[in-house]
Each structure stands twice: as C-alpha cells, then as structure tokens.
Protein chains: 2
Amino acid sequence: MTDDIQPHHIADDTLAGLVGYRLRRASNAIQGDLSETLKPFELRMITFTALVLIRDNAGLSQSRLAAAMDVERPNLVVIVDELENRDLITRERVPTDRRTYALNTTPAGETLCAEALEAVKAHEVRMLAGVEDGTQAVLVAALARIIGNRRGGDE
Amino acid sequence: MTDDIQPHHIADDTLAGLVGYRLRRASNAIQGDLSETLKPFELRMITFTALVLIRDNAGLSQSRLAAAMDVERPNLVVIVDELENRDLITRERVPTDRRTYALNTTPAGETLCAEALEAVKAHEVRMLAGVEDGTQAVLVAALARIIGNRRGGDE
DNA sequence: TATTGTTATACTCTATAACTATA
DNA sequence: TATAGTTATAGAGTATAACAATA
C-alpha cells in the first residue's frame, strides 16, 4: 500500500495541544475498559455508580441520589427499577414522609457491589500501569482543581 | 432546614478513590465549559474538532477523518454537511479516485477556526487556573500513558 | 470483490413537561 | 404551595445494515 502521499495518522497537533482533548481521550479509554469490566456483573457504569452510592449511604432518597449523580430524576427511575428488579436494592416507603423512598442494598447487592469493586480496582491498576504513585497523586490533585474550576464551582 | 439526619453532600469516598471517576468528572467539567465557549461560533465540540482537522490536513477524505475522530462514517456525513452548508469547508471530487471527496477549509472556515481556537485557548487557561505549568506537563504525560494503556493500545 | 459516501434506522443517553400523592 | 416519584416524550449521540458509484 502507498502511504507516501497520505500518511496513516493525520496531524492532530492542534488538538493534542489542548489538555481538554487529551483529558477526554483518556476518560474515553477508561470508560471503554470500565464498561467491559462491568459486563460480567451485568452492570453499566451508571448502575454501578448508583449501587455504590446506595451501599455507602443507607436509606438514601431517589432525589438526593439523582442530585449526587447529576442525573435528572426521571432518568434515575429506570436505573433504580433495574437494580430493584434484580433484587440488588430495596425501595421502602419512609413512614415520616410517605412521598419518599428509602433505598438500601440487599445482601445480594452488597456482595455484587464488593465483587464489582474488586474488578474495577484491578481495571484501574491496568489502566494506570506505568504511572507512578507520586504522579497519580499529582494527577488526582490537578483533576480536583479542574473540577473546582467549573462554572459556579462551589455554590 | 434540618440536615442533621441527612447531610447535604452524600458520601462518595468509594468513587472518589477511583482515578477514572475523577477523570470523567474533570472531563465533563471541561466539556461543559467548552460547549459554552463554542456557542458564539455556532460550533459543537464535534464540528469544531472536524473543522480543525480539515484545516490541518488539507484534502482529507471523509473516511480518514472519520477514523481520526473515532466516528462512524454515516455519522460524519451530517457533520460535514453542516460545515459545508455554512461554507466553512468545501467538498470536491478527487480526479484520481472519483469515489472520494477532498475536504478543505474555505477562507471563512479558516477565519472561524482561528477565532474559535483563540476562545478555546482562553477557556483552557480558565479551566486550568491554579494548576502550575510543571503540574500540567505531568498531567499531560500521565494522560498519554492512560490513553496508551487502552485495549489494543498500539496496534 | 472491496471501498467511498450515503440513506434509513435503531438504540442509548439525556432533558423537559405534566401528572399523582403526599406534605 | 411545594416536593418525591412517575410517565410520556423529544432530542442528542452513536451504531449497524444495505445501497449506488467507483475502483
């Protein structure tokens, strides 16, 4: 094949000079691998996130979970439905405020959560191979700054 | 308001311990700000990316652009349509291979591209405020590693 | 037979309006 | 009246199959 005129890899120096561009590509790389990692557990990234947050915040309401996940309430319904239908979480009326549901993990949900978390930790080790611990700390600190710089960062 | 029982911010320590979680949040923060930055130019992130790559790779074909952008060919058609309809790029038949189109920026396209790039650079400075130059270099190097660690990284 | 660009289509994700039941 | 959860729906973004023109 003749790639003398048209090189295989096109010039993307302009974009590569943007931190945001590299950040998105790194994030996509991790998300892709994470999706594969969660497949054996029949979890998507978003259902995994919800499961972990419910486990770590017993009795959480859907509204507060939606706010924490930055997901619109209507969209959270199907996520919670999915976890409940698989008996990974329970949805119980709160006696003091019968509008809200208290979300809690079932024993099966806790087991699956723990197993998935182990797999995710292995996935992180895989994706961060070659990045030293000290560098990872610098990376995390820099990311925290960037997150804090978002429009209306603190409010 | 009584937040004695239910704190405002729920515990997300488990997820915060994952680099991928922070990476995605930082990426989302930048993407959100970038979308706002590009609005005055009536560009979306994906049309901006295409415009820059066409400018930097004169005569590019749609297939190669799609491959570079990691976009399916059918989805690129509408992106190229949009840029062509706005007279930012031209789409001309290649005489040596009449199947392919050669993509090139128009003068208007180059002007808009340069102006948008200036705005994007200002956006980057804004989003990276508080992250020192040395730290940025470490960040970029770490991101390059992560991107390289993606499944079938080099092939 | 393979490739470029295209159309049509479907599936996921996300966003908004409007409803119900409770407060 | 305001809030929690829900339904229906609409809009992005993305993925696949199949086609016409060309190689």
Side-chain angles (χ1 to χ4, degrees), chain A residues 1-3 5-6 8 10 24 27-28 31-32 34-36 38-39 42-50 54 57 59-85 89-103, chain B residues 1-3 5-6 8 10 24-25 27-28 31-32 34-36 38-39 42-50 54 59-85 89-103:
Chain A
M1 64 182 76
T2 58
D3 49 8
I5 304 154
Q6 292 279 37
H8 265 105
I10 74 171
R24 186 169 59 84
S27 178
N28 284 348
Q31 281 189 225
L34 180 57
S35 293
E36 289 303 312
L38 292 173
K39 242 173 208 165
E42 291 179 87
L43 288 170
R44 291 170 294 143
M45 253 177 37
I46 204 161
T47 51
F48 169 71
T49 302
I54 292 167
N57 297 272
L60 197 61
S61 74
Q62 290 186 198
S63 287
R64 280 165 44 74
L65 177 57
M69 292 177 63
D70 237 310
V71 163
E72 295 302 318
R73 265 75 79 210
N75 297 329
L76 188 69
V77 173
V78 293
I79 296 165
V80 168
D81 280 347
E82 188 176 324
L83 293 174
E84 192 191 24
N85 289 338
I89 64 165
T90 57
R91 199 158 25 175
E92 284 170 16
R93 286 279 185 205
V94 174
T96 56
D97 184 344
R98 289 182 43 73
R99 290 173 302 182
T100 84
Y101 284 109
L103 304 176
Chain B
M1 60 180 80
T2 59
D3 49 8
I5 305 154
Q6 293 279 39
H8 265 105
I10 74 172
R24 187 170 57 84
R25 297 230 301 158
S27 179
N28 284 348
Q31 281 189 226
L34 180 57
S35 293
E36 289 302 313
L38 292 174
K39 242 173 208 163
E42 291 179 85
L43 289 170
R44 291 171 294 142
M45 253 177 38
I46 204 160
T47 51
F48 169 70
T49 302
I54 294 168
L60 196 60
S61 75
Q62 290 185 197
S63 287
R64 280 166 43 73
L65 178 56
M69 291 178 63
D70 236 312
V71 162
E72 295 302 320
R73 264 74 79 211
N75 297 328
L76 188 70
V77 173
V78 293
I79 295 165
V80 169
D81 279 348
E82 189 176 323
L83 292 174
E84 192 191 23
N85 289 337
I89 65 165
T90 57
R91 197 153 33 169
E92 285 171 16
R93 286 277 184 206
V94 174
T96 57
D97 184 344
R98 287 182 43 74
R99 291 174 301 181
T100 82
Y101 284 109
L103 304 176

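Every chain is numbered from 1 and lettered A, B, ... according to where its sequence line falls, protein lines coming before strand lines.
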- request: Report the distance from atom NZ of A/Lys39 to atom P of C/dT12, rounded to the nearest whole Å.
  value: 12 Å
message: On the nucleotide C/dT3, are OP1 or OP2 found under 4.0 Å from the side-chain N or O atoms that B/Gln62 carries?
response: no
- request: Please state how far atom CD in B/Gln31 lies from atom C1' in C/dT14, giving the value in whole angstrom units.
  value: 14 Å
message: Quick check: on DNA chain C, is the nucleotide nearest B/Pro74 upstream (toward 5') of the one nearest A/Ile46, or the reverse? Name the residue that is more 5'.
response: B/Pro74
field: OP1 or OP2 of D/dA4 under 4.0 Å from side-chain N/O of A/Arg64
entry: no
task: Would you indicate, yes or no, if D/dG5 has its OP1 or OP2 atom less than 4.0 angstrom from a side-chain nitrogen or oxygen of A/Ser63?
output: yes
- prompt: Which part of the nucleic acid does A/Arg93 contact within heavy-atom distance under 4.0 Å: base, sugar-phosphate only, or nothing?
  reply: nothing
- prompt: Below 4.0 angstrom from OP1 or OP2 of D/dT6, is there any side-chain N or O of A/Arg91?
  reply: yes
- prompt: Rounded to the nearest Å, what distance is computed from the CG atom of residue A/Asn75 to the P atom of nucleotide D/dT6?
  reply: 12 Å
- prompt: Contact class for A/Leu76 vs. all strands (heavy atom < 4.0 Å): base, sugar-phosphate, or nothing?
  reply: nothing
- prompt: So what does B/Glu72 hit on the nucleic acid, given a heavy-atom distance under 4.0 Å: a base, only sugar-phosphate, or nothing?
  reply: base
message: For a quick check, tell me whether the side chain of B/Arg99 and the base of C/dT3 share a donor-acceptor pair closer than 3.5 Å.
response: yes
field: Side-chain-base donor-acceptor pair under 3.5 Å for A/Asp97 and D/dA4
entry: no
